[in-house]
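Heads up, the thing below is written out as structure tokens.
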Amino acid sequence: MDPSPKKTARELLEAQGKLDPSVVAVKLASRRGSDAVVDLMTPLPETELAAGFHVVRKDSPEGLEVIRHSTAHVMADAVQKLFPGTKVTFGPATDNGFYYDFDRPGGTFSEEDLERIEAKMREIVASKSPFRREAIARQDAIDLFTRMGETYKVEWMRSLPEDTEFTVYKHGAPGQEWVDFCKGPHVPSTELLAAVKLTAVSGTYWRGDERNPQLQRIYGTAFHSEKALAAYLKQLEEAKARDHRKLGKELELFAFDGTAVASPFFLPRGAKIYNRMIDYIRDVYVRYRYEEIITPQVYSTELFKTSGHLANYAESMYYAIAADDLADGAKFEKVRQAILAPDKSEEQLELLAREVRGVKPMNCPGHCQLFSHRKRSYRELPWRCADFGRLHRYERGGVVHGLARVRTFCQDDAHIFCAPEQMEQEIVSFNALLDEVYGAFGFTDVRIKLATRPERRVGADSLWDAAEKALEDALRNTGRSFDLAEGEGAFYGPKLEFHVKDAIGRSWQLGTIQVDFNMPARFGLKYVDHEGKDQTPVMLHRAILGSLERFFAVYLEHVGGNFPVWLAPEQVCLLTVSEKVEDYAREALAYLESRGVRAVADFSPDKLGAKIRNARGMRYPYLAVVGAKEAETRALALRRGNDDLGAMSLEDVAARIAAEGAFPRAPEKK
RNA sequence: GCCAACCUAGCUCAGGGGUAGAGCAGCGGUUUCGUAAACCGCAGGUCGUGGGUUCAAAUCCCAUGGUUGGCUCCA
């Protein structure tokens with residue numbers, strides 16, 4: 001017997017008068033990470049509470065997590081009641097809700113099943129049943145779940161370390177109670193699960209591995225109140241209204257076609273924005289001393305053998321076949337097998353390097369090849385070579401998504417070849433460049449992540465030390481805060497990731513800078529130092545916006561289709577009040593165009609109200625009403641969004657729009 | 001690739017074994033108009049594709065292509 005029987009968190013809080021119905025758990029100062037939050041049913045030594053705590057209320061982020069995890073239990077209960085024979089596996093809370101993975105022999109769940117499950121869940125919630133926590137001996141738990149036929153749970157229990165504390169959670173009326181092996185925390189009673197919605201079904205695999213049995217995952221979300229759930233659903237609506245695929249269609253920016261799956265066609269308006277983005281980046285490049293190069297699309301796979309892509313990236317590449325390649329059927333068959341082989345032999349790599357051409361999935365191999373094209377001097381370094389080359393990557397059918405995940409795209413890609421001692425300065429300079437560009441696009445909330453050496457890596461530890469230090473020093477010396485992501489670096493070097501928050505609070509990774517000492521070595525890159533000795537350069541891979549296709553999607557959603565004047569495909573639309581002023585409107589249009597303003601006009605017989613409505617739909621930044629008054633005074637009645645700016649002379653309109661249409665520039669530093 | 005749902009006019013969608021529908025957009029005409037939808041008319045579809053069941057298929061079944069939401073969050 002425990003000599004000092006512990007009291008539950010509920011009893012301890014009650015004794016302190018800190019318990020009220022909105023409290024679902026406590027967060028202990030004495031514990032770290034996910035173990036810090038314990039529910040009210042958990043026995044605690046009084047000393048732990050004395051070490052400091054705060055209560056977790058049902059409407060806090062941590063409280064929601066508890067509610068969602070408990071809701072997952074209730075869902076599993078409902079599923080097992082409705083579909084006997086279904087086995088449970090894992091059912092965690094997620095960022096936006098929860099899921100539970102089931103093994104339903106010979107069956108799947110449809111969306112109609114979700115309604116039934118939801119109804120059953122409401123019954124369970126309405127029963128206002130308390131959650132009970134019970135400590136259990138390891139072997140007892142294994143025996144219990146073996147009897148229940150819960151083979152996945154048993155497998156999981158057996159894999160846990162010997163000293164793990166085993167607990168089970170139960171809810172439901174005696175006789176039909178539902179039990180799960182779980183470490184909690186859970187809400188005190190099902191009645192706290194006030195607002196529940198099941199959202200989706202999906203296939204998944206036991207422990208996320210395709211070789212394991214297929215499971216059925218049911219997604220849902222839960223909130224502490226119906227109102228909070230409604231707000232969340234409304235937010236989903238908002239995101240839907242901004243969906244770049246919807247806006248892309250409505251605003252005639254881009255289109256997709258089955259003849260080139262997951263490969264966007266940019267329509268004239270979209271292409272204007274896309275090119276304008278690239279022109280802006282080029283403008284920045286000039287000031288940051290980048291040199292743009294243009295490199296081939298299709299290479300002998302020799303290049304990708306050297307870079308390592310053939311061994312590690314072959315299944316994501318496209319291959320270019322010429323008629324001549326097919327002349328020898330037997331050879332072609334060998335090539336086929338080599339491409340498909342998961343682990344390629346040296347012989348197979350040789351064969352592919354000799355016989356096959358590959359479409360580039362990345363620019364770096366070509367850039368290395370070009371660097372080694374002639375002897376390089378230390379005087380040339382750092383060499384910053386930028387490339388807007390088109391890349392092709394074969395993404396699996398299920399993962400493509402609008403412009404955000406495509407099979408052909410281009411990046412604002414560049415590689416910086418430099419001496420090791422130049423690394424830090426280059427990273428500092430790149431950070432300044434990022435500040436300027438992200439500011440220009442209106443992304444002000446930028447978070448930086450430093451990803452350090454992973455377990456599996458290439459290169460000496462001394463190189464890793466230097467590279468990580470350069471990244472970290474560059475951040476510290478310029479006073480930037482960052483999060484450390486230990487072990488998340490690429491196998492060839494550490495990196496910084498730049499994440500921005502968009503207008504509706506979603507976070508996107510855009511830029512990155514990666515230190516690479518692997519590829520220069522593979523390509524045998526050298527430069528001659530000031531003593532005439534050969535040295536190996538360091539290579540920095542870096543992108544600002546990343547994939548321009550993906551950035552287009554992120555930015556389109558960020559601005560909700562309302563592009564700023566400097567990017568908008570048309571900056572102003574002239575709206576005639578009647579046909580009588582069409583001649584003047586055409587003159588005004590020609591004048592604006594001659595001043596470099598991107599202008600269009602609506603000469604249709606619609607009434608002004610309809611023209612405004614249509615033009616607002618197309619999100620032109622400026623509208624210019626042209627009527628008899630304006631024709632008489634050679635003016636335009638300018639309107640920006642809903643603001644009527646009044647009549648302005650043609651010259652003033654042109655000057656105003658031209659000024660606003662210039663590339664954004666960072667304020668001059670003193 | 002795997003799980004689920006969807007695919008009907010340029011767009012958004014209705015119809016769900018018995019002659020293919022609406023609104024918007026388009027085209028023609030009338031109206032010449034002052035800040036978020038003037039009016040009348042016309043045209044537009046082998047219902048993603050291919051098979052099958054049936055007297056009869058957009059509708060039911062099978063296959064196939066495409067699209068959408070998922071397939072990282074660990075008891």
Side-chain angles (χ1 to χ4, degrees), chain A residues 34 65 68-69 72-73 88-102 104 107-114 136 141 145 150 152-160 164-169 180-184 199-210 212-219 236 240 243 245-246 249-250 252 255-262 315 394-402 575-582 604-617 623-630 637-639 641-647:
Chain A
S34 60
E65 208 177 312
R68 287 165 180 172
H69 186 190
H73 274 222
V88 294
T89 65
F90 289 155
T94 65
D95 292 346
N96 295 314
F98 63 88
Y99 65 80
Y100 212 117
D101 288 345
F102 301 97
R104 184 179 172 205
T108 56
F109 296 108
S110 70
E111 273 161 37
E112 281 152 34
D113 293 332
L114 293 192
I136 186 169
F145 283 85
E150 296 290 2
Y152 294 93
K153 288 284 179 190
V154 173
E155 182 187 328
W156 173 243
M157 289 181 210
R158 290 192 200 279
S159 73
L160 289 171
T164 309
E165 188 188 351
F166 276 40
T167 53
V168 295
Y169 276 83
D180 196 3
F181 173 61
C182 180
K183 69 175 174 184
T199 51
V201 283
S202 122
T204 184
Y205 299 92
W206 171 235
R207 322 256 350 230
D209 191 326
E210 294 183 16
N212 284 340
Q214 170 113 40
L215 305 175
Q216 299 294 316
R217 174 171 296 182
I218 302 180
Y219 282 91
L236 288 186
K240 215 170 157 185
D243 190 312
R245 293 165 302 184
K246 180 173 176 287
K249 212 181 274 184
E250 284 173 9
E252 296 187 29
F256 287 91
D257 186 86
T259 53
V261 172
E315 72 285 358
Y394 183 77
E395 301 280 1
R396 299 206 293 178
V399 304
V400 296
H401 175 85
L575 310 175
T576 49
V577 173
S578 86
E579 282 174 17
K580 288 173 186 159
V581 292
E582 191 174 322
S604 72
D606 280 338
K607 292 171 76 170
L608 184 59
K611 290 189 185 188
I612 286 178
R613 189 186 146 87
N614 293 337
R616 293 283 282 144
L623 302 183
V625 174
V626 187
K629 279 182 285 183
E630 288 75 23
L638 204 61
R639 171 176 162 141
N642 283 329
D643 293 339
D644 190 348
L645 304 173

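Per chain, numbering begins at 1; letters A, B, ... match sequence-line order.
- Arg639(A) places a side-chain N or O within 3.5 Å of a backbone atom of Gly641(A) that can act as its donor or acceptor partner.
- Applying the side chain to side chain donor-acceptor pair (under 3.5 Å) rule to Tyr169(A) yields the partners Asp39(A), Arg133(A); only residues at least two apart in sequence or on another chain are considered.
- Using a 4.0 Å heavy-atom distance criterion, Glu579(A) is classed as a base contact.
- For His401(A), no side-chain nitrogen or oxygen approaches OP1 or OP2 of U67(B) to under 4.0 Å.
- Remark: P of A4(B) and CZ of Phe109(A) are 11 Å apart, rounded to the nearest angstrom.
- Residue Glu630(A) places a side-chain atom within donor-acceptor reach of the base of G34(B), judged by atom type and a 3.5 Å distance cut-off alone.
- Remark: Arg245(A) is in phosphate contact with G69(B), judged by side-chain N or O atoms under 4.0 Å from OP1 or OP2.
- Spacing between atom CZ of Arg396(A) and atom P of C2(B) amounts to 10 Å, rounded to whole angstrom units.
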Would you tabulate the nitrogen or oxygen pairs shorter than 3.5 Å linking the protein to nucleotides 45-51 of chain B?
none

Name every donor-acceptor pair, under 3.5 Å, that has one atom in a side chain of residues 89-99 of chain A and the other anywhere in the protein, sequence neighbours excluded.
from	atom 1	to	atom 2	distance (Å)
Thr89(A)	OG1	Asp101(A)	O	2.6
Thr94(A)	OG1	Gly97(A)	N	3.1
Thr94(A)	OG1	Gly97(A)	O	3.3

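- Legend: residues meeting ring pair (Phe, Tyr, Trp, His ring centres under 6.0 Å) with Tyr394(A), ordered by chain and number and at least two apart, are Tyr318(A).
- Among residues two or more places apart in sequence or in another chain, the ring pair (Phe, Tyr, Trp, His ring centres under 6.0 Å) test is passed with Phe145(A) by none.
- Look at Lys580(A) and you'll find a side-chain N or O under 4.0 angstrom from OP1 or OP2 of C33(B).
- More than 12 heavy atoms of other residues, nucleotides or ligands shown are found within 6.0 angstrom of CD on Glu150(A).
- Put simply, Tyr99(A) has no side-chain N or O that comes within less than 4.0 Å of OP1 or OP2 on U72(B).
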Taking N or O atoms only and anything under 3.5 Å, show me the protein contacts with nucleotides 23-30 of chain B, one pair per line.
none

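- Between Tyr100(A) and Phe102(A), the ring planes lie parallel to each other; the angle is under 30°, not in the 30° to 60° tilted range.
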